[in-house]
Q: 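I'd like to ask some things about the structure below.
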Amino acid sequence: EHLNAAIKALVKAETKEENMEILLDENVNDKQGVAALGIQTGDIIAMDPRTVITESGYIKSRFLDDKLSAAILLGVAHAVNDEGWKLNRKVTLLFTVYEEVGHGGSFVPADTEMISVDMGCVGADLGCTEHMVSICAKDSGGPYNYELVTELSNLAKSEGLDYAIDVYPHYGSDVEATLHSGYDIRHGLIGAGV
């Protein structure tokens, strides 16, 4: 009974800054010691991603969605530049650094549509697996553009890609910030299953 109450308390626990603890791999015990290392309030920190590539080829890592999405976009740029891919319209690749705080796509070139490349969630109540492309139909910000979701689905079918269309009720993407900023564009969200 006590264990169940403790588990319920953990599940309901909120993430709060006052509960965060950052440990330095240095022998310091006070603010002065930290300052002597050149570290101050407001500095950007990076967590060890603990990246592992398994023998079977799976990549396991923290922040894999951002790294994988950047690699996908760089792969497109490489294919256009070095392999001669021809695009039938102007394409702008936008790398944002503020997705996690909610304003990553708040300014974009005035294009007719935006496709956010992020992660495809994998879970018991979702269709996407680690072997698929995810097309998001709706997330916490509401539905994505139906025509664009349909076009992405038809493209996946025509190219023989294994894909799933899912709903992520507790998730958001950079393109939501674009809409909140007043852009009236077709918008979509895709990603590799992670």
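Note that the numbering runs from 1 along the sequence shown for the chain.
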Q: Test of understanding: clusters of I, L, V, M, F, W, Y form through side-chain heavy atoms closer than 4.5 Å, transitively. Do Phe95 and Met114 belong to the same one?
A: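 Cluster IDs for Phe95 and Met114 match.
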
Q: Please confirm whether the backbone N or O of His78 pairs with a side-chain atom of Asn81, one donor and one acceptor, at under 3.5 Å?
A: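 Checking the backbone N and O of His78 against the side chain of Asn81, no donor-acceptor pair under 3.5 Å is found.
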
Q: Check the pair Leu179 / Glu176 against side-chain contact (heavy atoms from CB on, under 4.5 Å), numbers first and verdict last.
A: CA-CA 5 Å; Leu179 297 177; Glu176 288 177 20; 5.6 Å; no

Q: Let me check something: do Leu161 and Met132 share a hydrophobic cluster, defined by ILVMFWY side-chain heavy atoms less than 4.5 Å apart, either directly or through other members?
A: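 No, separate clusters.
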
Q: Do you know which two heavy atoms are closest between His187 and Leu148, and how far apart they sit?
A: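 Minimum heavy-atom contact is C-CD2, 3.5 Å.
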
Q: Membership question, hydrophobic clusters at under 4.5 Å side-chain separation (ILVMFWY): are Tyr168 and Tyr146 in the same one?
A: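 Tyr146 and Tyr168: separate clusters.
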
Q: Are any of the side-chain heavy atoms of Lys31 and Gln40 separated by less than 4.5 Å?
A: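 No, their side chains stay 4.5 Å or more apart.
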
Q: Closest approach of Leu73 and Leu93, non-hydrogen atoms and distance?
A: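 Smallest interatomic distance, heavy atoms only, reads O-CD1, 3.4 Å.
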
Q: Taking Cys128's backbone N and O only, do any of them form a donor-acceptor pair with Asp166's side chain (distance below 3.5 Å, no angle check)?
A: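 Between the backbone of Cys128 and the side chain of Asp166 there is a qualifying donor-acceptor contact (under 3.5 Å).
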
Q: With a 4.5 Å cut-off on side-chain heavy atoms, are Ser140 and Tyr171 touching?
A: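 The answer is no, as the side chains (C-beta and beyond) never meet within the 4.5 Å cut-off.
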
Q: Are more than 12 heavy atoms from other residues, nucleotides or ligands located less than 6.0 Å from atom NZ of Lys138?
A: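 No - once you tally the heavy atoms of other residues, nucleotides and ligands closer than 6.0 Å, there are 12 at most.
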
Q: Out of curiosity, Thr54 OG1 to Ile59 CD1, how far, rounded to the nearest 0.5 Å?
A: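 Going from the OG1 atom of Thr54 to the CD1 atom of Ile59 covers 9.0 Å.
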
Q: Quick one: do Leu155 and Leu189 end up in the same hydrophobic cluster if we chain Ile, Leu, Val, Met, Phe, Trp and Tyr together by side-chain heavy atoms under 4.5 Å apart?
A: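 Different clusters: Leu155 never reaches Leu189 through Ile, Leu, Val, Met, Phe, Trp or Tyr contacts under 4.5 Å.
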
Q: I would like to know whether Leu126 and Val167 meet side-chain contact (heavy atoms from CB on, under 4.5 Å); could you show each step before the answer?
A: CA-CA 8 Å; Leu126 299 169; Val167 172; over 6 Å; no

Q: For a 4.5 angstrom cut-off between non-hydrogen side-chain atoms, does Ile53 reach Lys60?
A: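 They are not in side-chain contact.
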
Q: Which of these passes side-chain contact (heavy atoms from CB on, under 4.5 Å) with Ile115: Ile190, Val175, Ile135?
A: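 Output: one option passes, namely Ile190.
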
Q: Given the rule in the side-chain contact (heavy atoms from CB on, under 4.5 Å) test, do Val122 and Val194 qualify, once you have shown the distances and angles that lead to the verdict?
A: CA-CA 6 Å; Val122 174; Val194 298; 5.9 Å; no

Q: Ala137 and Ile165: which non-hydrogen atoms are nearest, and at how many Å?
A: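 What the structure gives for the nearest pair is CB-CG2, 3.7 Å.
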
Q: Using atom types as modelled and distance alone, determine if a side-chain donor or acceptor of Ser153 lies under 3.5 Å from a backbone N or O of Val149.
A: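 Answer holds: no.
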
Q: Grab the two heavy atoms, one from Tyr58 and one from Glu130, that are nearest each other, plus how far apart they are.
A: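 Smallest interatomic distance, heavy atoms only, reads CE2-CB, 4.1 Å.
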
Q: Are the side chain of Arg186 and the backbone of Glu147 linked by a donor-acceptor contact shorter than 3.5 Å?
A: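 Flag not set: sc Arg186 to bb Glu147 has no pair under 3.5 Å.
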
Q: If we check side-chain contact (heavy atoms from CB on, under 4.5 Å) with Gln32, which of these qualifies: Val34, Asn29, Asp30?
A: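 Among Val34, Asn29, Asp30, the one meeting side-chain contact (heavy atoms from CB on, under 4.5 Å) with Gln32 is Asp30.
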
Q: Kindly give the heavy-atom pair with the smallest separation between Asp139 and Ser173, and that separation in Å.
A: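 Closest approach of Asp139 to Ser173: OD2-N, 3.9 Å.
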
Q: Test side-chain contact (heavy atoms from CB on, under 4.5 Å) on Met119 and Ser134 and set out the steps.
A: CA-CA 8 Å; Met119 65 180 206; Ser134 171; over 6 Å; no

Q: What closest approach, in Å, do Tyr183 and Ser106 show between heavy atoms, and which atom pair accounts for it?
A: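 Looks like CE1-O, 3.5 Å.
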
